Protein chains: 2
Amino acid sequence: MASPIENHAALCERLKSCDVRPTPQREIVLKVILEKRDHPTADEIFARVKSQLPTISLATVYNCLETLVQCGLIRQVNLERAPTRYCPNLHEHAHFHDEQTGRIHDVDLPPELLARLHEVLPSGFRASSVELTFRGSAQPSAN
Amino acid sequence: MASPIENHAALCERLKSCDVRPTPQREIVLKVILEKRDHPTADEIFARVKSQLPTISLATVYNCLETLVQCGLIRQVNLERAPTRYCPNLHEHAHFHDEQTGRIHDVDLPPELLARLHEVLPSGFRASSVELTFRGSAQPSAN
DNA sequence: AGTGAGAATTAGAATAATTCTAATATATAA
DNA sequence: TTATATATTAGAATTATTCTAATTCTCACT
């Protein structure tokens with residue numbers, strides 16, 4: 001049902017393919033993010049990782065997250081002034097921030113719409129990434 | 001050339017029309033934001049305001065900014081983990097964050113594109129606001 | 001014009017996410 | 001195996017922002 005459970009070898013491969021040394025810490029940080037399709041904060045990730053590797057420090061979690069974001073294995077989501085959240089979904093997508101519940105939902109972005117977005121840029125502007133965030137409320141229609 | 005200089009009466013009117021008490025502090029905070037088309041941080045606003053009202057405190061600047069954002073007289077821009085910035089431009093627009101210079105540029109959004117964006121939301125999702133941010137570099141073509 | 005009640009301002013302390021520091025441990029190439 | 005660069009660690013430091021509690025102001029009503 002959920003995303004496939006990444007095993008040790010697969011996780012190492014992912015890291016190595018990005019020229020990142022596969023340390024146990026990085027591996028577990030990546031694993032806990034991939035195995036749940038939510039948007040945890042560094043603190044939440046720290047808690048999840050700690051249950052499997054109790055000696056890890058928060059600073060390491062931050063270091064690992066920075067590395068993983070830099071090499072594109074996870075994404076970073078910044079909403080308002082709230083703590084940074086991390087996102088396993090690498091497809092092009094927007095975020096919907098439900099103001100009632102605080103929950104974050106992924107919203108798929110059709111490629112052609114993404115292309116349209118880039119077209120609004122004045123000449124001379126080249127964007128390497130776009131961030132799109134909706135704020136509002138989601139009816140619990142049939143979730 | 002720049003935006004029209006708001007005088008005392010006009011600024012008061014703006015505030016009153018939002019059911020906000022027109023205090024000298026709010027008036028000057030609003031004024032310094034309106035009179036320059038950039039995206040200052042609270043600290044920068046504090047500095048600008050202080051030269052005209054040296055007794056103002058940073059807490060008041062934060063309070064004023066919160067009030068002005070809430071009543072829609074200015075906008076808030078959150079980029080990455082950087083300090084919140086404030087924006088006098090109330091037209092629908094996106095932000096382009098130049099990674100080289102750190103500068104923020106406003107990018108106009110055609111209303112029909114804005115409408116298209118709302119269409120990607122699954123049924124049951126109602127967005128009250130959209131935030132669109134590009135990150136990249138801007139050629140200094142003919143700025 | 002004077003007054004009272006609620007609202008705004010103030011200085012400084014408190015908070016909280018994140019980054020830094022410097023010492024120790026680990027991974028990998030030679 | 002060993003050297004070297006890289007990663008991890010605990011805790012201190014930083015920094016934007018919020019909170020606190022005392023003071024001052026604004027404005028509706030006399």
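When reading the values below, keep in mind they use all heavy atoms of this one structure, side chains included, and skip hydrogens, waters and symmetry mates. Note that this is a predicted model, so its numbers are computed, not measured.
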Under a 4.0 Å N-O cut-off, is there an ion pair linking Glu27(A) with Arg21(A)? no
Any side-chain heavy atom of Arg14(B) sitting closer than 4.5 Å to one from Leu73(B)? yes
Give the rounded distance in Å between these two atoms: CG of Leu65(A) and P of dA17(C). 14 Å
Distance check needed: dA8(C) P versus Leu53(B) CG, whole Å only. 17 Å
Taking Thr133(A) for its side chain and Ala94(A) for its backbone only, find out whether a donor-acceptor pair lies under 3.5 Å. no
Quickly work out the Phe46(A) CZ to dT9(D) C1' distance and round it to whole Å. 11 Å
To the nearest angstrom, the CG-C1' distance between Asn63(B) and dA21(D) comes to 14 Å
Using whole Å, report how far CG of Leu79(A) lies from C1' of dA17(C). 15 Å
Between atom CD in Glu27(B) and atom P in dA8(C), what is the gap in whole Å? 15 Å
Using the side-chain heavy atoms of Arg26(B), tell me which of these nucleotides is nearest: dT9(C), dT8(D), dT9(D). dT9(C)
If only side-chain N and O atoms of Gln25(B) are considered, is one of them under 4.0 Å from the OP1 or OP2 phosphate oxygen of dC25(D)? no
Round to the nearest Å and state the distance from Gln70(A) atom CD to dT6(D) atom P. 14 Å
Nearest atoms (heavy-atom pairs only) where Leu58(A) meets Ala42(A): CD1-O, 4.4 Å
With no hydrogens and no angle check, just 3.5 Å: does a side-chain donor-acceptor pair link Ser137(B) and Asp98(B)? no
Rounded to whole Å, please give me the gap between CD1 in Ile28(A) and C1' in dT8(D). 14 Å
Test of understanding: with ring-ring contact (aromatic ring centres under 6.0 Å, His included), list the residues that count as partners of Phe125(B), not counting sequence neighbours. Phe96(A), His105(A)
So for the helix from dA1(C)-dT30(D) to dA30(C)-dT1(D), with five pairs setting each end axis, what is the inter-axis angle to 10°? 30°
Scan nucleotides 18-30 of chain C nucleotide by nucleotide, 5' to 3', and note B when protein non-hydrogen atoms come under 4.0 Å of the base, S if they reach only the sugar-phosphate, - if neither. BBB------SS--
Under 4.5 Å side-chain heavy-atom separation, chaining through any Ile, Leu, Val, Met, Phe, Trp or Tyr, what else clusters with Val77(A)? Say none if it is isolated. Leu79(A), Ile104(A)
Could you tabulate the donor-acceptor pairs under 3.5 Å formed by side-chain atoms of residues 44-57 of chain A, not counting sequence neighbours?
{"unit_1": "Glu44(A)", "atom_1": "OE1", "unit_2": "Thr41(A)", "atom_2": "N", "d": "2.9"}
{"unit_1": "Arg48(A)", "atom_1": "NH2", "unit_2": "Asp38(A)", "atom_2": "OD2", "d": "2.7"}
{"unit_1": "Ser51(A)", "atom_1": "OG", "unit_2": "Arg48(A)", "atom_2": "O", "d": "2.9"}
{"unit_1": "Gln52(A)", "atom_1": "OE1", "unit_2": "Lys31(A)", "atom_2": "NZ", "d": "2.7"}
{"unit_1": "Ser57(A)", "atom_1": "OG", "unit_2": "Thr60(A)", "atom_2": "N", "d": "3.2"}
{"unit_1": "Ser57(A)", "atom_1": "OG", "unit_2": "Thr60(A)", "atom_2": "OG1", "d": "3.1"}

Give a yes/no on whether any side-chain N or O of Ser57(B) is located under 4.0 angstrom from OP1 or OP2 of dT9(C). no
Run the ring-ring contact (aromatic ring centres under 6.0 Å, His included) test against His95(B) and tell me which residues pass, sequence neighbours left out. His39(B), His93(B)
